[in-house]
Enquirer: 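Take this structure first; my questions come after.
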2 protein chains.
Amino acid sequence: MTETSEIDVPADHPRYESLLTRHRIEAGVEQGITSKQGLIAEGRGEAFDYLLGEETTESADAAARAAAAHLLLADHPVLSVNGNVAALVPGEIADLAEAVGAEVEVNLFNRTDERMQAIADHLREHGVTDPKGLTADGRIPGLSHERAKVDADGIGAADVVVVPLEDGDRAEALAAMGKTEIVIDLNPLSRSAQSAAVPIVDNIIRAIPNIARHARELQDVTEAELREIVATFDAEEALRAAEEAIRSGDLE
Amino acid sequence: MTETSEIDVPADHPRYESLLTRHRIEAGVEQGITSKQGLIAEGRGEAFDYLLGEETTESADAAARAAAAHLLLADHPVLSVNGNVAALVPGEIADLAEAVGAEVEVNLFNRTDERMQAIADHLREHGVTDPKGLTADGRIPGLSHERAKVDADGIGAADVVVVPLEDGDRAEALAAMGKTEIVIDLNPLSRSAQSAAVPIVDNIIRAIPNIARHARELQDVTEAELREIVATFDAEEALRAAEEAIRSGDLE
C-alpha cells in the first residue's frame, strides 16, 4: 500500500505531489475509473491549488482536525468515494477508514455498473474491505433517480459523511438529510464547500492523510475534548480564510 | 460554420458559453482531437475563467486589439493550433485566419500522426484551407525532437505567431527565435503568458472572435496607426491587470 515507487521521481522533488497526482489520474482513465468530467474537475482543482500555493493552510489543517473529531465521535461514519477520489487516494482512503472506523461507499455522479465495479475493485486492491455502494437500495431525497442511489445501510444510515470532490446538488441534498457533512473541495465558494459542516479547502491528496493523522493523534482524547474541537470549529471562518489565501497567496 | 445549434441551450442562457465549451471539448475527445492532458488543461482554464468572472476584461480587450494590429502588420502571420484549440474554436480560427490573412498550423505537444490528421481534418471541415504542420520539415531550436517540429514555411518562417494555450517551454523557445508571440492563456503567471509580446488573459472561446472583430475594425486604418497601437501596448501592465482581476474579482 506504500506508493513510493509509482513514479520515477524522488518524494522530495518540488513537483513530486503534482506529478504523482497527474500520474494517478491518468492511470485512473486507463482503468475506467476516472471520467472525462473527472479530468476536467482535476484541472479545476490544479488551478485552485496553484493559487493556494499547493500547501495545506493553517485553516485547512484546523478543518482536518475538526473532521477527525467528528469522525471519531460518529456512530456510523462513511467515506464517500467517486472516480477521482478512488484514482487519487485509494490507499489513503483505506487508511483513514481504518483510523476512524468508517465504512467506504462508492458514489458516482455518472453511475454505470462498469465504473462502480472498477472502482470497488480498485479500492479493494488498495486495502478497503467491503466497499459499499453496489446494493443501492437507499435514496437521497430531492435528487433524480440515478443521482440519488446510495446503500441504505451505508450513506443512507450514516450520521457523518466525508464527501470529497462532491457535486453541489448532492452535497446540498445530503446536508438537507441532516447528516454532518465533511467536504473536501479546493473551491471555497462551491456549493459543496458552502453546504458543509466542515469544509476542508485543500488538495485531497494532502487532506485525506491529514485527517487520518489528526484522528490518530486524537485517539485517546476524551469525548468532551473531541466535542470541544467540534464546537469551536467555524465553517464560515474557514471558507473566508481559504478565499483570502487564494486572493492573496503568492501566485508565483 | 455557424455553431448556434450545437447544443440545445439558447445563446442568452447564463451558462451558454461554459456549456458550449464543455460540449465541444467532450466532442473533441470522441473525435480523437482532445487529449487527457487537454481535458485537465480545460479544467484549469475553467477555474481561472471563473475567478475572472467569465468575461473579457478591458485589459484583455486592449490586448486583443494589439494582437489584431500585430497580425495586420505581419508579413507572415501564423495561428498555431493544438488539440484544445481545434476542439474549441475551429470555425473561429478559420474566420480569424481569413480576417488577417494568416496561415493555420497544427502544432501538438503530444504529437501522433493520428491526432495530427484528425485535427487537420476537423479544421478543414470548419473552413480552414490547407492547414499546415504535417510536413514538419523545420525545427524550433532548444526543444527535444518531437516537441520542436514545425513546418519550415509555416511557423518556421512566421514573423508573428498566435499560440493559444501553449506549453511554457515551446512558448519561450518561439520567443527566443525572435518571433512576435501572441499568447492566449487564462493564467497570467504562466511562462507562456510571461514570454509573450502580447499576452491575452481571456478564454479562447471569447478571445479568438474578439481579435477577428478588432482586425476587421482596423482593416482600413493606416500602418502608422497600427504601429501606434502596437507601440502603446504594455505587456507587463496587461499581466498585472489580469492578476488584479483574478485577485479581486467577484468569486460568486
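Chain A is the first sequence line, chain B the second, and so forth, proteins listed ahead of strands; every chain is numbered from 1.
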Enquirer: Could you check A:Tyr50 against B:Phe48 for side-chain contact (heavy atoms from CB on, under 4.5 Å), going step by step and ending with a plain yes or no?
Expert: CA-CA 11 Å; A:Tyr50 170 80; B:Phe48 281 110; 3.8 Å; yes
Enquirer: Quick one: do A:Leu39 and B:Val29 satisfy side-chain contact (heavy atoms from CB on, under 4.5 Å)? Show the steps, please.
Expert: CA-CA 12 Å; A:Leu39 285 173; B:Val29 174; over 6 Å; no
Enquirer: Judged by atom type as modelled, is there a donor-acceptor pair below 3.5 Å linking the side chain of B:Arg44 to the main-chain atoms of A:Gly45?
Expert: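 Here the side-chain-to-backbone pair does not exist.
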Enquirer: What's the separation between atom CD1 in B:Ile246 and atom CD1 in A:Ile246, rounded to the nearest 0.5 Å?
Expert: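 Here the interatomic distance stands at 12.0 Å.
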Enquirer: Could you pull out every donor-acceptor pair under 3.5 Å between side chains of residues 200-209 of chain A and any protein atom, sequence neighbours left out?
Expert:
| unit_1 | atom_1 | unit_2 | atom_2 | d |
| --- | --- | --- | --- | --- |
| A:Asp202 | OD1 | A:Thr56 | OG1 | 3.4 |
| A:Asp202 | OD1 | A:Arg206 | NE | 3.0 |
| A:Asp202 | OD1 | A:Arg206 | NH2 | 2.8 |
| A:Asp202 | OD2 | A:Thr56 | OG1 | 2.8 |
| A:Asn203 | OD1 | A:Ile205 | N | 3.0 |
| A:Asn203 | ND2 | A:Asp49 | OD2 | 3.0 |
| A:Arg206 | NE | A:Thr56 | OG1 | 3.3 |
| A:Arg206 | NH1 | A:Glu17 | OE2 | 2.7 |
| A:Arg206 | NH1 | A:Asp49 | OD2 | 3.2 |
| A:Arg206 | NH1 | A:Glu54 | O | 3.3 |
| A:Arg206 | NH2 | A:Asp49 | OD1 | 2.7 |

Enquirer: Is A:Lys36 paired with B:Glu30 through a side-chain N to carboxylate O contact shorter than 4.0 Å?
Expert: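 Yes.
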Enquirer: Could you look at A:Ile25 and say if it's the side chain, the backbone, both or neither that has a heavy atom under 4.5 Å from chain B?
Expert: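 The answer is the side chain of A:Ile25.
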